[in-house]
Amino acid sequence: MFNTKKIILVAGITAVFAGLSACNEKLTSNVTPIMDGEYASNYVEIIKANDGKYLDSKVIEAILGKGATHGRDGLQGKLDPKNPYSFEVDDSIDGGNHGNSQCKVPMAFTRVQDSAAKNYKNDATFVAKGFGTPIAEAALEKWNITVDGDGKGLPDSSVGMTVEEGGAVYVQFCAMCHGEFGEGAKGYLALAVDEDLIASDPKDPAPMKSVGNYWPYSATLFDYIRRTMPFWTPNADYIGDKGYLGITGYIMQANYIPIGFDEDGESMELEDDTFYNAEVLMKQNKFMKNQGNFFCDHRPIIHNERCMKDCPDTMVGDGSGDIHNFVEARKLPDGTPQYNVPQRLNEAPPGVGHTGM
Amino acid sequence: MTDKIIEKVAIQTDESRNQSRRAFLKGGAAVASGVLFTQAASASDIKFNPKKAVAPYANKKEITDVLADQKSRKALGFGVRKYPYGLPSPFEREVQRRTLEWLTPDSMASITMSPLQSLHGIITPNGLHFERFHGGVPTIDPDKHRLVIHGLVERPLIFTMDDLKRFPSVSRIHFVECPANGALEWKGVQLNSVQWTHGMMSCVEYTGVRLSDLLKEAGIKPEGKWIIPEGADASGMSRSIPLELAMDDCFVAYAQNGEALRREQGYPIRLVVPGCEANMWVKYLRRIMVHDVPMQHREETSKYTELMPDGTAQRFSWYMEANSVITYPSPDFHMQGPGKYYVRGIAWSGRGKVDHVDVSTDGGKNWQEAHFTSAVLDKAWTRFEFEWDWDGKEAFLMSRVTDETGYVQPPMPQMRNLEGTNNVYHRTAMVTWRIHDWNNGKDGGRIQNVQY
């Protein structure tokens with residue numbers, strides 16, 4: 001999981017941080033970092049001594065060691081789950097090849113942690129006010145439609161229908177917006193595309209993301225469509241858990257998500273007559289193609305100096321010091337800017353535009 | 001008769017203009033003397049020359065034209081309670097939220113942007129608050145609305161609106177920003193207005209109940225590590241929020257800028273998650289489930305995750321990074337010729353207060369610190385201003401915020417190098433307004449959105 005992440009960071013980093021000159025803002029801290037292997041173990045103290053400036057490049061340097069802030073190694077080091085700045089923690093719960101990955105608020109965000117401790121963990125004085133009415137969990141049955149990433153909350157495995165039956169329900173209630181095979185329709189989202197997630201040129205349209213090529217958990221699909229679809233009449237009784245499971249199966253089939261691998265390592269696909277239930281859904285949770293490619297936000301990975309005068313070329317204009325090398329909005333064939341194209345081509349009513357276009 | 005009056009007014013206007021300059025130079029002595037017009041004029045060594053006085057208007061007849069029309073002042077205006085709920089002047093009708101129809105196929109799952117170019121200070125009026133719906137706007141009867149807290153809690157509780165309002169209240173000003181704010185600009189620039197580049201956000205005063213108070217009332221079990229707020233709208237909007245974040249400074253708001261929330265913003269209640277992505281601020285809040293693991297719901301997997309150039313994606317990007325933008329002059333305006341400008345804008349950070357805002361007029365080579373003209377509040381817009389003498393030459397205006405965590409807003413090439421252009425969300429790098437060379441006004445004082 002970390003490997004893929006390293007590649008992108010490394011690619012960008014050398015260009016970006018090369019040539020950063022030091023500015024004169026000083027660390028106010030006189031706390032000596034206790035370097036303990038990869039980073040200073042007293043990092044919380046260092047951050048607090050610096051007014052909570054946990055993202056200041058100097059503070060980070062004090063914690064992660066010299067060179068760690070701006071170099072490749074520093075950023076690679078930051079992907080370590082033990083690192084105080086990393087949002088990544090152990091993938092804990094079983095549910096797929098990477099589990100139901102948990103992200104958390106880093107310990108280095110001392111203000112959040114302190115405030116949470118004050119309001120909760122260390123709040124010994126709290127006395128319940130007694131407002132609100134106790135309610136039995138069972139009374140919430142109708143409202144509780146949540147299914148988690150591990151599949152908790154799914155209907156029991158007697159509920160379901162065959163993929164083929166599911167397809168029929170889908171065609172009736174979903175296809176008009178999402179296309180018969182999930183290819184999308186009338187501008188509504190496609191549910192099955194097999195696009196590569198890497199665009200070859202940065203100017204190319206961003207890759208389309210859908211269930212097969214992007215979604216990390218299959219349980220999400222059932223939760224979402226039962227919760228939200230069909231768009232005009234969501235969580236519909238006339239579809240019911242049975243129907244929603246069938247539809248889920250149909251969409252999974254359209255995305256070629258395997259249900260397992262046979263002895264020769266060949267993937268086993270859903271058949272039309274597969275009885276689609278929670279069990280099959282959770283089996284497939286392990287084979288979502290893109291599951292291993294998500295990582296917890298570990299922003300910011302940018303730690304700039306606040307440069308005031310004659311800033312280095314990397315920080316000026318186009319990133320090489322040229323302030324005249326900019327892009328403008330693209331032009332229509334007649335030379336006018338491409339703003340409001342539908343309006344200009346009379347495909348859309350006017351009125352969305354504004355002065356100056 | 002009328003002519004005489006006009007003349008007099010013209011004279012007075014100009015006189016007062018001259019006068020105020022003198023008063024300024026004299027350090028306010030003339031003001032202290034009381035009767036401004038007459039006294040000061042007679043005290044002047046320069047004899048007032050009406051011909052000269054109107055000279056500045058010579059080519060701009062329209063400026064003095066209005067003096068011929070006294071009617072609007074004499075006409076009787078409308079009485080009280082014509083508008084039991086007041087509306088802006090009809091002359092402000094251009095100040096609207098706007099959308100781009102090509103963004104989404106359906107207005108019930110769409111977005112509008114706030115007209116930041118026309119806003120002042122740090123508060124967004126309720127009617128101009130940006131909108132983002134995933135399943136349209138429900139009209140909910142507050143008497144029938146309930147909030148339930150359940151899951152890994154000691155005592156599941158159900159609250160009425162009256163129950164919620166009995167709790168101690170908090171009022172705080174916070175910005176609320178869709179993580180897709182700025183998304184139109186990943187692939188380059190598209191549109192010439194700060195409404196389009198940064199309008200997927202607003203900043204209002206919320207009043208409500210601390211979420212920590214409500215959660216403690218129900219009592220979190222030790223295994224409870226996440227909360228999953230859910231809306232009563234058609235989309236059943238849901239996100240997973242870690243307990244530390246929920247216990248920090250979140251609250252359940254029932255009021256916005258002193259009145260009940262608007263339906264577009266979640267009437268009767270919404271979650272406020274200061275500094276974080278607006279989709280976590282679940283509207284029409286009706287259920288908070290306490291759980292041991294995150295849900296991995298659609299809005300935190302399929303959407304609101306950020307595709308990187310190598311095909312991996314960041315998830316759970318809760319906090320909005322520090323950001324800033326110049327709202328005047330910006331592409332909606334025209335430069336009025338070389339001279340002094342008070343460059344204004346807003347800065348904000350999801351991680352706390354804004355520490356500094358710097359302005360560059362040369363594409364990022366040199367920076368000067370702006371000063372703040374509003375209160376500097378935690379996770380709220382901060383208004384900055386910077387005095388600039390424009391020499392009429394082409395200039396590249398940028399603003400750069402530093403927040404209290406020491407984070408310095410990056411330029412766009414740096415962010416693009418790291419995150420590519422397929423990300424969609426969290427495009428928080430600087431933008432650049434190109435001020436075209438004045439060129440004797442031939443270009444109309446054009447201000448253009450460009451990108452490095």
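In this text, all values refer to a predicted model and were calculated from it rather than measured experimentally. Below, chain A is the first sequence line, B the second, and so on; all start at residue 1. Every heavy atom of this structure was used, including side-chain atoms; hydrogens, water molecules and symmetry mates were not.
Ranked by heavy-atom pairs shorter than 4.5 Å toward chain A, the options Arg434(B), Lys303(B), Glu94(B), Met412(B) are led by Arg434(B). Ranked by non-hydrogen atom pairs under 4.5 Å with chain B, the options Thr220(A), Val327(A), Thr228(A), Leu140(A) are led by Val327(A). Put simply, of Pro410(B), Gly135(B), Ala232(B), Gly352(B), the one with the most heavy-atom pairs under 4.5 Å next to chain A is Pro410(B). Chain A forms the most heavy-atom pairs under 4.5 Å with one residue out of Val408(B), Asp362(B), Val153(B), Thr421(B), and that residue is Val408(B). Of all the listed residues (Asn423(B), Ile228(B), Leu147(B), Asp106(B)), the one sharing the greatest number of non-hydrogen pairs under 4.5 Å with chain A is Asp106(B). Residue with the most contacts toward chain A among Gly420(B), Ser238(B), Gly444(B): Ser238(B) (heavy-atom pairs, distance under 4.5 Å). The candidate from Val127(A), Thr133(A), Asp318(A) with the greatest count of non-hydrogen atom pairs under 4.5 Å with chain B is Thr133(A). Looking only at heavy-atom pairs under 4.5 Å with chain A, the residue among Gly363(B), Ala218(B), Gly136(B), Gly219(B) that has the most is Gly363(B). Here Asn144(A) is the residue among Asn144(A), Asp114(A), Asn213(A) with the most heavy-atom pairs under 4.5 Å with chain B. Of the listed residues Lys129(A), Met229(A), Lys309(A), the one with more heavy-atom pairs under 4.5 angstrom with chain B than any other is Lys129(A). Note: Pro202(A) leads Pro202(A), Ala136(A), Pro234(A) in heavy-atom pairs under 4.5 Å with chain B. No other option in Gly317(A), Ala206(A), Ala128(A), Ser115(A) has as many heavy-atom pairs under 4.5 Å with chain B as Gly317(A).
Nearest heavy atom pair, residue Glu306(B) against residue Tyr214(A), reads N-OH, 4.2 Å.
Ring planes of Tyr319(B) and Phe109(A): perpendicular class, angle over 60° (limits at 30 and 60°).
Both the backbone and the side chain of Ile145(A) come within contact range of chain B, each with at least one heavy atom under 4.5 Å from a heavy atom of that chain. Proximity to chain A (any heavy atom under 4.5 Å) is shown, for Ser235(B), by both the backbone and the side chain. Proximity to chain A (any heavy atom under 4.5 Å) is shown, for Arg166(B), by both the backbone and the side chain. Residue Pro274(B) does not touch chain A at all, counting heavy-atom pairs closer than 4.5 Å. Heavy atoms closer than 4.5 Å to chain A are found in the side chain of Arg400(B), but not in its backbone. Residue contact with chain B, scored on non-hydrogen atoms closer than 4.5 Å, involves the backbone and the side chain of Tyr188(A) alike. Both the backbone and the side chain of Glu369(B) have a heavy atom closer than 4.5 Å to some heavy atom of chain A. Only the side chain of Asp123(A) comes within contact range of chain B, with heavy atoms under 4.5 Å apart. Proximity to chain A involves both the backbone and the side chain of Met108(B), based on heavy atoms less than 4.5 angstrom apart. When heavy atoms are compared at a cutoff of 4.5 Å, Lys225(B) does not approach chain A at all. Looking at Pro242(B), only its side chain comes within 4.5 Å of chain A, counting heavy atoms on both sides. If you measure heavy-atom distances from Leu164(B) to chain A, you find no contacts under 4.5 Å at all. For Ala109(B), the parts lying under 4.5 angstrom from a heavy atom of chain A are both the backbone and the side chain. When heavy atoms are compared at a cutoff of 4.5 Å, Arg298(B) approaches chain A by way of both its backbone and its side chain. Of the two parts of Phe333(B), neither the backbone nor the side chain holds a non-hydrogen atom closer than 4.5 Å to a non-hydrogen atom of chain A. With a threshold of 4.5 angstrom between heavy atoms, Asn325(A) approaches chain B through N, CA, C or O but not through any side-chain atom. If you measure heavy-atom distances from Asp162(B) to chain A, you find no contacts under 4.5 Å at all. Within the 4.5 angstrom heavy-atom criterion, no atom of Lys118(A) approaches chain B. Of the two parts of His134(B), only the backbone, made up of N, CA, C and O, holds a non-hydrogen atom closer than 4.5 Å to a non-hydrogen atom of chain A. Looking at Val211(A), neither its backbone nor its side chain comes within 4.5 Å of chain B, counting heavy atoms on both sides.
Using a 4.5 Å cut-off on side-chain heavy atoms (C-beta onward), Met398(B) and Tyr452(B) make contact. In this structure, the side chains of Lys353(B) and Asp378(B) come closer than 4.5 Å at one or more pairs of heavy atoms. The closest side-chain heavy-atom distance from Arg98(B) to Trp196(B) is below 4.5 Å. Inter-residue side-chain proximity for Glu300(B) and Phe316(B) is flagged as met; some heavy-atom pair is nearer than 4.5 Å. Asn50(A) places none of its side-chain heavy atoms less than 4.5 Å from the side chain of Asp56(A).
Gln414(B) places no side-chain N or O within 3.5 Å of a backbone atom of Thr314(A) that could act as its donor or acceptor partner. Between the side chain of Gln291(A) and the main chain of Asn285(A), a donor-acceptor pair closer than 3.5 Å is present. Here the side chain of Asn192(B) pairs no donor or acceptor atom with the backbone of Pro331(B) at under 3.5 angstrom.
In summary, the aromatic rings of Phe159(B) and Phe131(A) are positioned with their centroids too far apart to meet the 6.0 Å limit.
In this structure Glu404(B) satisfies the salt bridge (charged side-chain N to carboxylate O under 4.0 Å, His left out) test together with Arg111(A), sequence neighbours excluded.
Judged by distance alone, the side chains of Trp215(A) and Ser302(B) do bring a donor and an acceptor atom under 3.5 Å apart. Checking His426(B) against Ser317(B) by side-chain atom types alone, no donor-acceptor pair falls below 3.5 Å. For the residue pair Asp163(B) / Thr160(B), a side-chain donor-acceptor distance below 3.5 Å is found, with atom types taken as modelled.
Applying the salt bridge (Lys or Arg N to Asp or Glu O under 4.0 Å) test to residues at least two apart or on different chains, the pairs with a partner in residues 410-420 of chain B are Arg299(A)-Glu419(B).
Put simply, the residue from Leu152(B), Ile149(B), Leu243(B) that forms a side chain to side chain contact (heavy atoms under 4.5 Å, CB included) with Ile220(B) is Leu243(B).
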Stepwise side chain to side chain donor-acceptor pair (under 3.5 Å) test for Thr402(B) and Asp355(B): CA-CA 6 Å; Thr402(B) 303; Asp355(B) 248 11; over 6 Å; no
